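A short write-up of the structure that comes next.
The structure presented is a predicted model; accordingly, all values stated were derived computationally and were not measured.
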Amino acid sequence: QVQLVESGGGPVQAGGSLRLSCAASDISFSTYVMGWYRQAPGKQRELVAAIRSGDRTSYADSVKGRFTISRDNAKNTVYLQMNSLKPEDTAVYYCNAHWPVWSRDYWGQGTQVTVSS
């Protein structure tokens, strides 16, 4: 059973940086595709970044060049480094773990990121 806990969110000024962390409890963490999603009030949840077991990454166009996703399998943790933050980045950020073998998904409870101008 996978449990995900996000941390690192908070208020930040435009142009600033935050680093989000997602700690997973499952020992098979390295086999999961990990992702960061975000959702603003009244909007659909969107995929921000994803990283596969082999460290292949993908990003939403809106964050390319500013955000970096990484993982530390030894620590069962995935990170999202967010630089040059903009007010439109304001959202609740959710950690997602996808197990391709059985197409199963797990979600964290989210961490709030608020970027002020």
Side-chain angles (χ1 to χ4, degrees):
Q1 179 65 41
V2 174
Q3 292 183 337
L4 306 174
V5 180
E6 302 100 333
S7 62
V12 64
Q13 292 283 99
S17 298
L18 285 175
R19 191 190 195 195
L20 306 184
S21 298
C22 173
S25 62
D26 199 282
I27 60 173
S28 62
F29 171 82
S30 62
T31 68
Y32 286 82
V33 179
M34 302 298 298
W36 285 98
Y37 289 72
R38 67 185 181 187
Q39 186 169 25
K43 299 181 180 178
Q44 288 195 132
R45 187 172 299 186
E46 64 172 342
L47 177 64
V48 176
I51 184 167
R52 293 174 169 83
S53 298
D55 288 350
R56 182 172 58 174
T57 59
S58 61
Y59 298 91
D61 288 341
S62 60
V63 306
K64 286 181 179 178
R66 300 188 297 121
F67 291 10
T68 302
I69 188 171
S70 61
R71 67 193 298 163
D72 187 338
N73 291 333
K75 296 181 178 180
N76 282 13
T77 302
V78 63
Y79 306 94
L80 185 68
Q81 178 67 46
M82 305 186 295
N83 299 326
S84 302
L85 283 162
K86 305 174 181 179
E88 49 263 45
D89 295 320
T90 296
V92 177
Y93 284 71
Y94 297 91
C95 181
N96 169 266
H98 176 74
W99 194 29
V101 177
W102 287 350
S103 190
R104 184 176 296 176
D105 284 278
Y106 302 89
W107 295 90
Q109 291 187 305
T111 184
Q112 177 72 48
V113 172
T114 303
V115 185
S116 61
S117 59

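Annotation: side chain of Val101 is not in contact with side chain of Thr31 (no heavy-atom distance under 4.5 Å). For the pair Asn83 and Phe67, the minimum side-chain heavy-atom distance is 4.5 Å or more. Looking at heavy atoms from C-beta onward, Asn73 lies out of side-chain contact with Met34 at the 4.5 angstrom threshold. For the pair Val33 and Ile51, the minimum side-chain heavy-atom distance is 4.5 Å or more. Two residues are said to be in side-chain contact when any heavy atoms from C-beta on lie closer than 4.5 Å; His98 and Tyr32 fail this criterion. Using a 4.5 Å heavy-atom cutoff, the side chains of Val78 and Ile69 are in contact. A heavy-atom distance below 4.5 Å is not found between the side chains of Cys22 and Arg71. Val12 is not listed as a side-chain neighbour of Ser17, based on a closest heavy-atom distance of 4.5 Å or more.
Because its NZ or CZ atom is both nearer than 6.0 Å to the ring centre of Tyr79 and within 45° of the ring axis, Arg19 counts as a cation-pi partner of that residue.
In plain terms, the two heavy atoms of Val63 and Val48 that are nearest each other are CG2-O, 3.7 Å. Contact record, Ala49 with Tyr59: CB-CD2, 3.6 Å, taken as the closest heavy-atom pair.
Between Tyr37 and Trp107, the gap from one ring centroid to the other is short of 6.0 Å.
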Verdict with reasoning, Glu6 to Trp36, per side-chain contact (heavy atoms from CB on, under 4.5 Å): CA-CA 10 Å; Glu6 302 100 333; Trp36 285 98; 3.8 Å; yes
Verdict with reasoning, Val113 to Leu20, per side-chain contact (heavy atoms from CB on, under 4.5 Å): CA-CA 9 Å; Val113 172; Leu20 306 184; 4.1 Å; yes
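Checking side-chain atoms of Thr77 against main-chain N and O of Lys75 turns up a donor-acceptor pair under 3.5 Å. Side-chain atoms of Arg45 never come within 3.5 Å of backbone atoms of Gln39 as a donor-acceptor pair (strictly under, hydrogens ignored). Within the 3.5 Å criterion, the main-chain N or O of Gly9 finds a donor-acceptor partner in the side chain of Thr111.
From Gln13, atom CD reaches atom OG of Ser116 across 3.5 Å, with rounding to the nearest 0.5 Å. Summarising the geometry, atom CD belonging to Gln109 is positioned 10.0 Å from atom CG belonging to Leu4; distances are rounded to the nearest 0.5 Å. Rounded to the nearest 0.5 Å, atoms CG (Asn76) and OG (Ser30) are 8.0 Å apart. Considering CZ of Arg38 and CD of Gln44, their distance stands at 14.0 Å, rounded to 0.5 Å. Separation of atoms OG (Ser53) and CG (Asp55) is listed at 8.5 Å; rounding is to 0.5 Å. Note that CG of Leu80 and OG of Ser21 are 9.5 Å apart. Values are rounded to the nearest 0.5 Å.
The number of heavy-atom neighbours closer than 6.0 Å to CD of Gln112, taken from other residues, nucleotides and ligands shown, is above 12.
Here Lys86 does not pair with Asp89 in a salt bridge; the nearest charged N to carboxylate O distance is not below 4.0 Å.
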